[in-house]
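Heads up: the structure comes next, in structure tokens.
Just so you know, residue 1 is the first one in the sequence shown, and it goes up from there.
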Amino acid sequence: AEALSQRPEVRRVHYPGLESDPGHRFASSLFAGFGGMLSFYLDDAARAESFLKRVRIPLHAASLGGVESLVVRPSRSTHLGQSEEDRQRLGITDELVRLSVGIEDPEELEADLIQALESR
């Protein structure tokens with residue numbers, strides 16, 4: 001989450017483990033850790049599409065509950081049945097990517113995410 005939040009291609013990261021997250025203080029009062037689920041908005045829909053094509057470690061899957069890292073673009077999968085208006089109201093834009101971090105080596109996963117961001 002920290003590495004993604006520092007990238008110029010990433011507009012915003014949602015993860016309660018980041019001090020900049022609006023829910024950080026509340027989550028800190030409830031939990032000892034923050035888990036492996038996060039989401040982030042890329043600078044545009046084309047980059048989000050490219051990112052999903054370029055990542056090598058996370059599998060592109062609608063389910064986010066395995067031991068392997070999984071990545072999904074909700075506007076084109078899990079929320080495709082909702083109207084564009086409803087998705088926009090919920091913040092589920094074409095730039096949104098969700099990531100469930102699995103048991104892979106964190107440094108390898110971070111390197112993979114960054115290489116996927118750097119190319120279109």
* To do: Kindly say whether F40 contributes a backbone atom to a donor-acceptor pair with the side chain of H14 at under 3.5 angstrom?
  => no
* Asked: Are E85 and S83 close enough that a side-chain donor and a side-chain acceptor fall under 3.5 Å?
  -> no
* What's the shortest heavy-atom distance between E68 and L59, and which atoms? -> CG-CD1, 3.6 Å
* Non-hydrogen atoms of H60 and L52 that approach each other most closely -> NE2-CD1, 3.6 Å
* **Whether Y41 side chain and G91 backbone form a donor-acceptor pair below 3.5 Å** => yes
For residues 2-10, dump all side-chain donor-acceptor pairs below 3.5 Å to protein atoms at least two apart in sequence or in another chain.
unit_1 : atom_1 : unit_2 : atom_2 : d
S5     : OG     : A1     : O      : 3.4
S5     : OG     : E2     : O      : 2.8
R7     : NE     : E9     : OE1    : 3.1
R7     : NH2    : E9     : OE1    : 3.4
R7     : NH2    : E9     : OE2    : 3.0
R7     : NH2    : E118   : OE2    : 3.4

* Are L42 and L117 side-chain neighbours, meaning at least one heavy-atom pair lies under 4.5 Å? -> yes
* **Expected output: side-chain Y15 to main-chain G36 donor-acceptor under 3.5 Å** => no
* Asked: Between S28 (side chain) and H24 (backbone), is there a donor-acceptor pair under 3.5 Å?
  -> yes
* Asked: Minimum heavy-atom separation for S69 to G102, with atom names?
  -> OG-N, 2.8 Å
* Asked: Is there a side-chain contact between D112 and P58, using heavy atoms and a 4.5 Å cut-off?
  -> yes
* Asked: When you look at D44 and R47, which way does the salt bridge (charged side-chain N to carboxylate O under 4.0 Å, His left out) test go after all the steps?
  -> CA-CA 6 Å; D44 59 45; R47 184 166 316 271; 5.3 Å; no
* Asked: With no hydrogens and no angle check, is any side-chain donor or acceptor of R98 less than 3.5 Å from a backbone partner on M37?
  -> no
* To do: Without swapping roles, check the side chain of R73 against the backbone of D94 for a donor-acceptor pair under 3.5 Å.
  => yes
* Taking side chain as C-beta onward, heavy atoms only, is L96 less than 4.5 Å from S39? -> yes
* Determine the minimum heavy-atom distance between F51 and A116, stating which atoms define it. => CD1-CB, 3.5 Å
* Rounded to the nearest 0.5 Å, what's the gap from CD1 on I57 to CG on L113? Could you check? => 7.5 Å
* **hydrophobic_cluster_shared for V97 and I92, side chain cutoff 4.5 Å** => no
* Does a side-chain heavy-atom distance below 4.5 Å link L38 with V101? -> yes
* **Main-chain N/O of T93 paired to R87 side chain as donor or acceptor, under 3.5 Å** => no
